[in-house]
Each structure stands twice: as structure tokens, then as C-alpha cells.
Amino acid sequence: FPHYKGCGHADAKCLGADIVMKFELRKRKEDTKSSEGLSEYSPVLCLHEHSCSISEVKVKMRGDSLSWLLNILSSLFKGLLKDYVVATVLESIENSSGTLLETLNNVLRPHWPIIMKMAKLKIDDLKVMSSSAIVDKSKICKDIELVFKESVPLGLQLLLNDKVDANTVKIVKF
């Protein structure tokens with residue numbers, strides 16, 4: 001595979017970018033039971049829809065002898081570059097929505113009674129939350145694979161022989 005090693009700077013701009021996140025109020029069955037033995041429900045925000053659109057992505061490289069060629073290539077593939085950025089943003093929203101919604105719901109939990117009263121809503125008016133409404137953040141893979149193609153000093157101290165987990169490399173000092 002052809003490759004080139006050089007140095008320089010790249011400036012990227014996204015023009016006409018819109019990110020839309022629509023939330024929906026639903027109810028979630030709580031683990032606790034009321035004094036009458038009935039299951040309790042509590043309001044919960046769920047991500048209903050999300051979208052991302054970008055009109056144009058501009059990448060400008062400078063500081064290298066082949067910057068002109070890289071700039072031509074980036075302008076030729078700007079459609080693919082734009083699609084890649086949009087797909088990455090959408091994937092990031094999907095993967096991070098669990099953390100966002102968990103934080104929002106924890107902050108709003110004590111305020112739901114007043115919010116429901118002001119909105120003139122009752123818990124029975126809300127749809128039951130589906131299992132896919134909030135992304136389980138524990139299922140998101142947080143492992144990162146690093147591949148070093150060249151031998152360079154990184155300024156890292158690595159632990160290679162951990163007795164607890166012998167199959168991993170841990171960063172001791174950065």
C-alpha cells in the first residue's frame with residue numbers, strides 16, 4: 001500500500017452542519033413496589049430521533065511539499081469525506097446517548113413531579129419505555145487497539161507482565 005511520511009498542518013471546516021436530537025418522555029417500570037403491591041412507574045427521557053447533515057467539508061493542508069497534491073485529493077473526495085464525518089457523528093450519538101440520557105434522567109428525577117404537573121401530564125398518559133430506548137453504556141466497547149508501525153520513543157512506561165491480567169498492556173506513566 002503506498003504511503004507517505006511528512007509533516008504539516010491540516011485545517012478542517014464543516015459548513016452548514018445541523019445535528020438534531022429529539023427526545024421523548026416515556027415511563028419506566030421501577031424495581032420498587034407501592035404499598036398496594038402495584039408496580040411503580042417513573043418518567044424517563046428517551047432519544048426518539050437523531051440526525052446529522054453537513055453541506056460541505058473543507059480540508060486545507062499546508063506546511064509540506066506535497067500539500068498541493070493532498071489538497072487536490074481532498075477536494076476530489078470531499079463527498080466521501082462529508083459522508084464519513086456524518087456517519088461518524090451519528091455513530092457517536094448512538095454510542096453516547098446512554099451516558100447523556102442517564103445523566104439527564106438523574107438530574108431530572110427529583111423534578112419530574114413539578115414538570116409533569118406544569119405539562120398537565122399524568123404517568124398513565126406516557127408510553128412504556130422499550131428496552132432499546134436507552135443504549136446500555138456497559139455494552140459499548142471501550143477497548144482501543146494501538147498499532148505502532150515504527151519504533152519511536154513515546155514517553156510511556158508500560159506494564160507488560162501484569163499478574164492479574166497477563167493478556168493486556170497497561171500504561172503506568174504518561
Side-chain angles (χ1 to χ4, degrees), residues 1-30 41-64 66-116 118-123 125-149 154 168 171 174:
F1 186 75
H3 67 280
Y4 170 76
K5 183 177 178 180
C7 63
H9 302 280
D11 295 318
K13 292 182 183 180
C14 291
L15 305 172
D18 292 315
I19 298 174
V20 177
M21 296 174 69
K22 294 181 183 178
F23 297 96
E24 184 175 37
L25 187 60
R26 298 233 174 164
K27 62 184 175 183
R28 169 174 47 198
K29 189 180 270 192
E30 294 294 327
Y41 286 96
S42 64
V44 64
L45 275 181
C46 300
L47 185 62
H48 181 62
E49 290 179 26
H50 63 284
S51 64
C52 175
S53 64
I54 297 175
S55 299
E56 186 178 1
V57 173
K58 290 184 178 181
V59 178
K60 179 79 172 170
M61 311 242 196
R62 57 189 165 81
D64 189 58
L66 288 180
S67 293
W68 64 273
L69 178 62
L70 297 172
N71 287 327
I72 290 172
L73 290 173
S74 71
S75 66
L76 287 173
F77 295 109
K78 65 183 175 182
L80 290 173
L81 190 60
K82 179 186 77 156
D83 294 343
Y84 176 77
V85 171
V86 168
T88 303
V89 168
L90 290 173
E91 181 181 1
S92 179
I93 290 172
E94 290 168 10
N95 290 341
S96 302
S97 66
T99 304
L100 171 66
L101 290 168
E102 182 179 313
T103 303
L104 282 172
N105 285 316
N106 286 337
V107 168
L108 291 171
R109 183 171 286 124
H111 307 288
W112 280 127
I114 188 108
I115 293 170
M116 297 286 286
M118 289 175 64
K120 298 180 182 172
L121 287 173
K122 294 185 172 133
I123 199 76
D125 298 336
L126 305 176
K127 294 179 185 176
V128 176
M129 179 186 85
S130 66
S131 60
S132 63
I134 295 180
V135 175
D136 182 5
K137 66 180 185 177
S138 66
K139 293 182 181 175
I140 297 172
C141 179
K142 294 186 180 180
D143 293 337
I144 298 171
E145 182 178 338
L146 296 175
V147 178
F148 299 105
K149 300 209 181 233
L154 296 174
T168 62
I171 298 174
F174 182 69

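H111 and V107 get closest at one heavy-atom pair: CD2-O, 3.2 Å. Summarising the geometry of V128 relative to R26, their closest heavy-atom pair is O-NH1, 3.4 Å, with the distance given to 0.1 Å. Heavy atoms only, all atoms of each residue included: S67 and G63 are closest at OG-N, 3.6 Å.
The shortest distance between side-chain heavy atoms of S42 and K27 does not fall below 4.5 Å. You'll find the side chain of W68 reaches within 4.5 Å of the side chain of L66, heavy atoms only. For the pair V57 and K13, the minimum side-chain heavy-atom distance is 4.5 Å or more. In this structure, V59 and F77 have side chains that are not in contact, with every pair of non-hydrogen atoms separated by 4.5 Å or more. The shortest side-chain heavy-atom distance between W112 and V44 does not fall under the 4.5 Å cut-off.
L100 CG to L104 CG: the interatomic distance, rounded to the nearest 0.5 Å, is 4.5 Å. Distance CG/L25 to CD1/I123: 7.5 Å, rounded to 0.5 Å. Between the OH atom of Y41 and the CD atom of E30 there is a distance of 10.5 Å, given to the nearest 0.5 Å. Taking CE of M129 as the start and NZ of K29 as the end, the distance is 12.0 Å to the nearest 0.5 Å. The distance from atom CD1 of I19 to atom CD1 of I93, rounded to the nearest 0.5 Å, is 5.0 Å. D64 contributes atom CG, which lies 10.5 Å from atom NE2 of H9 (distance to the nearest 0.5 angstrom).
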Let me see the working for K78 and L76 under side-chain contact (heavy atoms from CB on, under 4.5 Å), right down to the final yes or no. CA-CA 6 Å; K78 65 183 175 182; L76 287 173; over 6 Å; no
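Counting heavy atoms of neighbouring residues, nucleotides and ligands inside a 6.0 Å radius, atom CD1 of I114 does not exceed 12 of them.
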With a cut-off of 3.5 Å and sequence neighbours excluded, list every side-chain donor-acceptor pair involving residues 45-56.
unit_1, atom_1, unit_2, atom_2, d
H48, ND1, E24, OE1, 3.2
H50, NE2, E94, OE2, 3.3

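No donor-acceptor pair under 3.5 Å is formed between the side chain of S92 and the backbone N or O of T88. Put simply, the side chain of N106 gets close to the backbone of E102: a donor and an acceptor are under 3.5 Å apart.
Applying the salt bridge (charged side-chain N to carboxylate O under 4.0 Å, His left out) rule to D11 yields the partners R62; only residues at least two apart in sequence or on another chain are considered.
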